[in-house]
Amino acid sequence: MAASGKSFLADAGYGEQELDANSALMELDKGLRSGKLGEQCEAVVRFPRLFQKYPFPILINSAFLKLADVFRVGNNFLRLCVLKVTQQSEKHLEKILNVDEFVKRVFSVIHSNDPVARAITLRMLGSMASIIPERKNAHHSIRQSLDSHDNVEVEAAIFAAANFSAQSKDFAVGICNKISEMIQGLATPVDLKLKLIPILQHMHHDASLASSSRQLLQQLVTSYPSTKMVIVTLHTFTLLAASSLVDIPKQIQLLLQYLKNDPRKAVKRLAIQDLRLLANKTPHTWSRENIQALCESALNTPYDSLKMGMLSVLSTLSGTIAIKQYFSSAPGAAATTARSFDLVKLAQECCYHNNRGIAAHGVRILTNISASCQEKDLLPLEQDAVFGLEALLVLCSQDDSPGAQATLKITLTCMVKLVKCRPHLSQSVVESLLAQLHSAQDNARILMCHCLAAIAMQLPVLADGMLGDLMDLYKLIGQSATDKKQELLVSLATVIFVSSQKALSTEIKTVIKQQLENASNGWTAYRIARQASRMGNHDMARELYQSLLTQVASEHFYFWLNSLKEFSHAEQCLTGLQEDSYSSALSCIAEALKSYHKGIASLTAASTPLNPLSFQCGFVKLRIDLLQAFSQLICTCNSLKTSPPPAIATTIAMTSGNDLQRCGRISNQMKHSMEEFRNLATRYGDLYQSSFDADSATLRNVELQQQSCLLISHAIEALILDPESASFQEYSSNGTAHVESEYERRMMSVFNHVLEEVESLNRKYAPVSYLHTACLCNAVIALLKVPLSFQRYFFQKLQSTSIKLALSPSPRNPAEPIAVQNNQQLALKVEGVVQHGSKPGLFRKIQSVCLNVSSVLQSKSGQDYKIPLDNMTNEMEQRVEPHNDYFSTQFLLNFVILGTHNITVESSVIDSNGIVWKTGPKTTIFVKSLEDPYSQQVRLQQQQGQAPAQQQQQRSAYSRF
């Protein structure tokens, strides 16, 4: 349990004291200076870890200069180690500040008499091509080394030439003729030609260069028909076309020609591989004729391996726009329309093929056609797809081999896709899945449970029918505690929670707990409890968390589980709410708040510096404040009975001109309540913006909480505060087409119901009557009756992104200010590194980083001058795009007023959709603005000039007496 807990609570320990960047570099430098070769090598290979930990230019520059020294004076083995480090740390190369010095030290070895040393240097230069693309001495050395008689050196020169060609247009243009001569020259051995040809894939910098390279490759394909030459040339041809873009249609035709006419299997395989590459990259460039030709080749080939390759290309295309182009035949072209069914014919033929892979691709093509093409003459395909899927399901669910499992995954994905776009097929799909669950292997059962859960989430109507079969299977699972059985318990429990949409019956709970007691470990029980919390089955979750409290080894895990138990108990209290029973509603909310306060105390205790649980704490605090706001609103509504408007309320309203005064004190209370709900909605919006790494379901959950706050504030305004100007247009329902979970579905139905009630009351009665307050109370109860869903991000973080900032100049001591003269500007350099977890960009990627710099005067020193407001503060914003996860920019700041200024640099990120996320961090430094010496001198002279004049006046006054 404790070992697996790392997924939701990072290592609870604080770790040993880390060395700072300078100490770490000095430690490695000591190793580099050692007289022992082993210690030197060890120091060299530890550099990538140092770069990862301290990825800022000042350290990386020093480190690479030290490595360049080792490269210059060391032996070939040390040079090889430095080369490997350079290649591993490619993304840090652009942070080298003294590029000239670095290159100079490395380049000196090119003049060595040792061809191996020269070869390593050439590879080193090739690895650095991104930072020195236009160095003419490097270009010259590469050209020279291509003519060397040493094979090792020539191969290194080819490597360097390929890297420089990719980076530099000048080098590519200059080397193209040389490469062409060498390839066509009779003296060049064939194996060398095979290594030289791939350089031509980088000749895409302009149209004429690409065209001449294509002509050369065309000549090579016809002049050298040997298998190896054709394979290398064709592949280079494809990569060149994919980069230059203009020749892709021609390349597709060429590959199809080779696929059809060349008898060699190796060439056909290469053609299929390249066609798949082009299908993934540019599906829109595939014409109907191209797809038709591929279908004909697939229908005619006798080889299963080739047929499978062609089908994989077709199945890739069938999921893109190419399929629509294929079926949208030109008017009057009857022949084309008839032949266009070759794809369908091929897919139907392959659906029941004895090779699983071919059958899977056939089924996938049929599914994609059914999903994207809505023509009536293609409707029978749906049934074919369903039959094909069922046949594959029966075949793969009995087999435990990895190949069968991979095919089963494709089959189940197709089932979910088919059911999503054609709901009328769902019944037969679900029945076939349930029928196979009993006889399937454990691995297959787990995957099938995931599929059933996905279908039940989309179509809750089907869920009730599954429950009986699932419970029977749950009882039948053996007593063994193997990993697969544990996984199966979790998957089945998930489907049961999804299926029993409202609440779990006592019988179901008993069966689940019994199985967990018999055959599970603590981690399985925790995962099932987590799923129960996600599905809103809080009573089940509370019991499971309670049982796990004594099974954990760390107090952080104990507090985490205890907090989850309290939250589940709090949400369980709210399930007893009933409409029109307001006093019991208040007591239920009070009970829930009591548990929530206990839970938040535990949650705070569970957090560690490494894992502060900021999202969890923020989400729970907002939930507490929301429940308090709901409770306060019900009390306010009740105050109409306990404290009705006084008899003179109408007179007061007429005198003050405020019509709301006739309602008495409830009007002011309602105004406060509305502001509170709007404030809560804003805070939910802030939580949303700070959750860059959250999955879409979690973000949707936060959005629904925000919408419920806005709904109540709108209802208060529409019913009581401002009935005349209330608009219902912006709150109208947009349909439930994109609803992805039962929780969202139920919340949306509550929103729509409340809006209808509010709108009907708004038209009929003037405020404030008991009908209005009852409507508000019922709206609150309806929202609370929907069990809260604790989504994935509450428990585990699948994506992790953080930004590390470094400011310069920076003081030695953080509390110490930086001194600046008030007639000068401070150039503040902001550097940053984007750090990722194990799955970067899983949900969203960083497009650019937005840096906001602001300064505030903290304390003045010197005289008060009247200074324009513009000079009082600095407020600037810049957007920078990270390159290799590094960015830097500069700000010019004015500090005209003498005194201490507080500068705050805050970063936020913009994703690929242009949405701004407030991820932080926020860094602060202090600046002390000092008077410049010249102004100080002038001021002192003026003061000294004024002093004698004052003394003179005093003397003349005394002299009168």
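Counting begins at 1 with the first residue of the sequence.
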Is a donor on one side and an acceptor on the other found under 3.5 Å between the side chain of [X] and the backbone of [Y]?
X      : Y      : answer
Arg143 : Gly174 : yes
His205 : Ser165 : yes
Ser690 : Leu687 : yes
Gln878 : Gln890 : yes
Ser907 : Gly920 : yes
Arg844 : Ala694 : yes
Asp911 : Asn913 : yes
Gln835 : Ile803 : no
Gln616 : Phe794 : yes
Arg792 : Ala697 : no

- Message: Side chains of Asp693 and Ser800 only: does a donor on one sit below 3.5 Å from an acceptor on the other?
- Response: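 Checked: Asp693/Ser800 side chains show no N/O donor-acceptor pair below 3.5 Å.
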
- State whether a side-chain donor-acceptor pair under 3.5 Å links Tyr886 with Glu831.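 There is such a pair (donor and acceptor under 3.5 Å, judged by atom type) between the side chains of Tyr886 and Glu831.
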
Flag the pair [X] / [Y] as yes when at least one side-chain heavy-atom distance between them is below 4.5 Å, and no otherwise.
X      : Y      : answer
Ile175 : Met203 : yes
Val702 : Ser691 : no
Asn701 : Phe790 : no

Inter-residue atom distance [X].[atom1] - [Y].[atom2], 0.5 Å rounding:
X      : Y      : atom1 : atom2 : answer
Gln799 : Phe692 : CD    : CZ    : 5.5 Å
Leu50  : Ser62  : CG    : OG    : 10.0 Å
Tyr54  : His92  : OH    : NE2   : 13.5 Å
Thr923 : Ile903 : OG1   : CD1   : 11.5 Å
Gln689 : Lys918 : CD    : NZ    : 4.5 Å
Phe895 : Ser855 : CZ    : OG    : 5.0 Å

Step through the shown structure and confirm whether more than 12 heavy atoms of other residues, nucleotides or ligands are within 6.0 Å of [atom1] on [X].
X      : atom1 : value
Ile321 : CD1   : no
Lys928 : NZ    : no
Ile58  : CD1   : no

Do the side chains of [X] and [Y] get close enough for a salt bridge, i.e. N-O under 4.0 angstrom?
X      : Y      : answer
Glu675 : Arg678 : no
Asp69  : Lys66  : no
Lys621 : Asp625 : no

- Message: Let's go through Phe102 and Phe71 carefully: what are the C-alpha distance in whole Å and the side-chain angles of both, what is the deciding distance for ring-ring contact (aromatic ring centres under 6.0 Å, His included) to 0.1 Å, and is it a yes or a no?
- Response: CA-CA 10 Å; Phe102 179 60; Phe71 190 89; 8.8 Å; no

- For side chain to side chain contact (heavy atoms under 4.5 Å, CB included), just list the numbers for Phe843 and Leu699, CA-CA rounded to whole Å, side-chain angles, deciding distance to a tenth of an Å, and then say yes or no. CA-CA 11 Å; Phe843 300 121; Leu699 291 176; over 6 Å; no

- Message: Would Phe891 and Asn874 count as a side chain to side chain contact (heavy atoms under 4.5 Å, CB included) here? Give the steps.
- Response: CA-CA 10 Å; Phe891 296 88; Asn874 291 287; over 6 Å; no

- Task: With side chain to side chain contact (heavy atoms under 4.5 Å, CB included) as the test, would you mind laying out the steps for Thr238 and Leu278 before giving the verdict?
- Result: CA-CA 8 Å; Thr238 303; Leu278 295 175; 4.0 Å; yes

- Query: Could you go step by step and tell me if Leu603 and Phe619 meet the side chain to side chain contact (heavy atoms under 4.5 Å, CB included) rule?
  - Reply: CA-CA 11 Å; Leu603 190 63; Phe619 186 78; over 6 Å; no

Can you give the donor-acceptor pairs under 3.5 Å from side chains of residues 120-134 to other protein atoms, not counting sequence neighbours?
unit_1, atom_1, unit_2, atom_2, d
Thr121, OG1, Ala117, O, 2.7
Ser127, OG, Gln87, NE2, 3.2
Ser127, OG, Arg123, O, 2.9
Glu134, OE1, Ser168, OG, 3.1
Glu134, OE2, Ser168, OG, 3.3

- Query: Only one of Leu893, Leu828, Asn852, Val905 forms a side-chain contact (heavy atoms from CB on, under 4.5 Å) with Met876, so which one is it?
  - Reply: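 With Met876 as partner, side-chain contact (heavy atoms from CB on, under 4.5 Å) holds for just one option, Leu893.
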
- Message: Parallel, tilted or perpendicular: which one describes the rings of Phe164 and Phe171, with boundaries at 30° and 60°?
- Response: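 Because their plane-to-plane angle lies in the 30° to 60° range, the rings of Phe164 and Phe171 count as tilted.
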
